[in-house]
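In what follows, a single structure is set out as structure tokens and then discussed.
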Amino acid sequence: MKEKNMKKLNIYFTAGVPQLDKTADIIELIQDSGADMIEIGMPYSDPVADGPVIQKAHELALQNGMTIEKLLSQLKTIKDKIKIPIILMGYINPVLSFGFEKFCKACSESGVSGLILPDLPPIEFEKNYQQVLKKYNLNFTFLVTPETSDERILYLDSLSSGFLYAVSSSSTTGNENAVLKNENYLNRLAALPLKNPVMIGFGIKSREDFENVTEKADGGIIGTAFVNILLQDKDWKKTAIDFIHSIKG
């Protein structure tokens, strides 16, 4: 029997895909298949950090009528069944339109454990939002890249809680040319006295990729490869279960 990979696996999908009412089913499927955490994309009309697959998922989700309100109410219905962390990932504008504190309160009531908002500047975070997140017991994760200096990595790590998101290479999600195993970068991260676990994301699509990037990191994040299954496969439930099992071993 193959040895199970003990590194943490975080599976990302976009809420409202393939259909509006499938969010709860997908969350339960990810949990039951052995993933360690779930990252849910809040659909947005201009997801700048994302490649074509996740952009397409955002478009479809918006066409399907997914909103922050609908997502939070769907999460609320299953919060007692979900034992692994749920993180919401999105962009700051829709959250500000919703109302930041109102959003954090609703997240807390819906079983969400953390947020990732890549376009929220750390200075703004410290000044205006950090205390609100603490009030509602929500983690917040910042992203670092191979270009981020050691000094800034330590600063972003000090602001983060839950985990630190290390982008594998300077590209958008799902980029075929992403350099997954950037040895210097992974060694640098491993050598820094970070307080948070490091999760590597962008470009992981197989067990081999996952094992490669997690040699020196605490876990990996898979998004595009999983979203592709939801977008393209009529029998997505079985394919998604098999895919997660293939990564975790």
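In this text the structure is predicted, and so the values were computed from the model without any measurement.
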Q: Rounded to the nearest 0.5 Å, what's the gap from CG on L143 to CD1 on I116? Could you check?
A: 6.5 Å

Q.
Strictly distance-based, threshold 3.5 Å: is any side-chain N or O of N64 a donor or acceptor partner for the main-chain N or O of G16?
A. yes

Q: State whether the number of non-hydrogen atoms from other residues, nucleotides or ligands found under 6.0 Å of E69 atom CD is greater than 12.
A: yes

Q | Residue pair I229 / A240: nearest heavy atoms and the distance that separates them | A | CG2-N, 3.9 Å

Q: Evaluate the side-chain proximity of S45 to L62: yes if any heavy-atom separation is below 4.5 Å, no if none is.
A: yes

Q. Taking Y185 for the side chain and V167 for the main chain, is one N or O donor matched with an acceptor at less than 3.5 Å?
A. yes

Q. Between L230 and P18, what is the shortest heavy-atom contact and its length?
A. O-CB, 3.5 Å

Q: For atom CG of N137, decide whether the heavy atoms of other residues, nucleotides or ligands shown that lie under 6.0 angstrom number more than 12.
A: no

**Q.** Spacing of OG belonging to S108 relative to CG belonging to L138, to within rounding of 0.5 Å
**A.** 5.5 Å

(Q) Ignoring hydrogens, what is the shortest heavy-atom contact between P47 and Q55? Give both atom names and the distance. (A) CG-CG, 3.9 Å

Q. Can you tell me if E28 uses its side chain to pair, donor with acceptor, with the backbone of K81 under 3.5 Å?
A. no

Q. Hey, are the side chains of N128 and F100 touching, using non-hydrogen atoms and a 4.5 Å cut-off?
A. no

**Q.** Heavy-atom side-chain proximity of M37 to P85 below 4.5 angstrom
**A.** yes

Q: Keeping the roles fixed (side chain from K237, backbone from K234), state whether a donor-acceptor pair exists under 3.5 Å.
A: no

Q: Show the numbers, then the answer: is there a side-chain hydrogen bond (donor to acceptor under 3.5 Å, both in side chains) between Y136 and E101?
A: CA-CA 9 Å; Y136 293 101; E101 181 151 2; 2.8 Å; yes

(Q) Using only atom types and a distance under 3.5 Å, with no angle test, would you say the side chain of R152 pairs donor to acceptor with the backbone of E147? (A) no

(Q) Between M42 and V95, is the side chain to side chain contact (heavy atoms under 4.5 Å, CB included) condition met? List the steps. (A) CA-CA 10 Å; M42 298 180 283; V95 173; 4.1 Å; yes

Less than 3.5 Å apart, which donor and acceptor atoms pair up between the side chains of residues 157-164 and the rest of the protein, not counting sequence neighbours?
unit_1, atom_1, unit_2, atom_2, d
D157, OD1, N196, N, 3.2
D157, OD1, N196, ND2, 2.9
D157, OD2, K195, N, 2.7
S158, OG, Y155, O, 2.6
S160, OG, F142, N, 3.1
S160, OG, L156, O, 2.8
S161, OG, N139, OD1, 3.1
S161, OG, F140, N, 3.1

Q. Under 4.5 Å between any side-chain heavy atoms of W236 and I26, yes or no?
A. yes

Q: Output the distance between atom OG (S113) and atom CD1 (I87), rounded to the nearest 0.5 Å.
A: 5.0 Å

(Q) Given 3.5 Å as the limit, does a donor-acceptor pair link the side chain of S97 with the main chain of N93, or not? (A) yes

Q.
Could you walk me through whether N228 and F243 satisfy the side chain to side chain contact (heavy atoms under 4.5 Å, CB included) test, starting with their C-alpha distance in whole Å, then the side-chain angles of each, then the deciding distance to 0.1 Å, before giving a yes or no?
A. CA-CA 11 Å; N228 239 335; F243 176 73; over 6 Å; no

Q: Could you tell me which non-hydrogen atom of A217 sits nearest to which non-hydrogen atom of K7, and how far apart they are?
A: O-NZ, 2.9 Å

Q: Could you tell me the separation between the CD1 atom of I40 and the CE atom of M89, rounded to the nearest 0.5 Å?
A: 13.0 Å

Q: Verify the neighbour count for atom CD of E208: are there more than 12 heavy atoms of other residues, nucleotides or ligands below 6.0 Å?
A: no

Q. Side chains of K22 and F13: does their closest heavy-atom pair fall under 4.5 Å?
A. no

(Q) Whether the side chain of K8 engages the backbone of M199 through a donor-acceptor N/O pair (distance < 3.5 Å, no angle test) should be reported. (A) no

Q.
Between the side chains of D36 and K248, is the shortest nitrogen-to-carboxylate-oxygen separation below 4.0 Å, so that they form an ion pair?
A. yes

Q.
How close do A166 and L189 get, counting heavy atoms only, and between which atoms?
A. CB-CD1, 3.7 Å

Q: Verify, without hydrogens or angle tests, whether Q31 (side chain) and I38 (backbone) share a donor-acceptor contact under 3.5 angstrom.
A: no

Q: Kindly indicate, with the supporting measurements, whether the criterion side chain to side chain contact (heavy atoms under 4.5 Å, CB included) is fulfilled by I204 and I221.
A: CA-CA 7 Å; I204 303 170; I221 302 164; 5.7 Å; no

**Q.** Heavy-atom donor-acceptor pair, T23 side chain to A15 backbone, under 3.5 Å
**A.** no

Q: Quick one: closest heavy-atom pair of L72 and S110, and the distance?
A: O-OG, 3.3 Å

Q) Can you tell me if S33 uses its side chain to pair, donor with acceptor, with the backbone of I30 under 3.5 Å? A) no

Q) Should E183 and K216 count as an ion pair when the cut-off is N to O under 4.0 Å? A) yes

Q: Check step by step if side chain to side chain contact (heavy atoms under 4.5 Å, CB included) holds for M66 and L71.
A: CA-CA 7 Å; M66 181 51 84; L71 172 58; 3.9 Å; yes

**Q.** Distance (rounded to the nearest 0.5 Å) between I222 CD1 and E39 CD
**A.** 11.5 Å

Q. CG of D235 to CG of D242: how many Å apart, nearest 0.5 Å?
A. 9.0 Å

Q) Does the side chain of L186 reach to within under 4.5 Å of the side chain of E215, using non-hydrogen atoms? A) no

Q) Is the shortest heavy-atom distance from the side chain of L75 to the side chain of L88 under 4.5 Å? A) yes

Q) Are side-chain heavy atoms of I153 and L194 found at a separation under 4.5 Å? A) yes

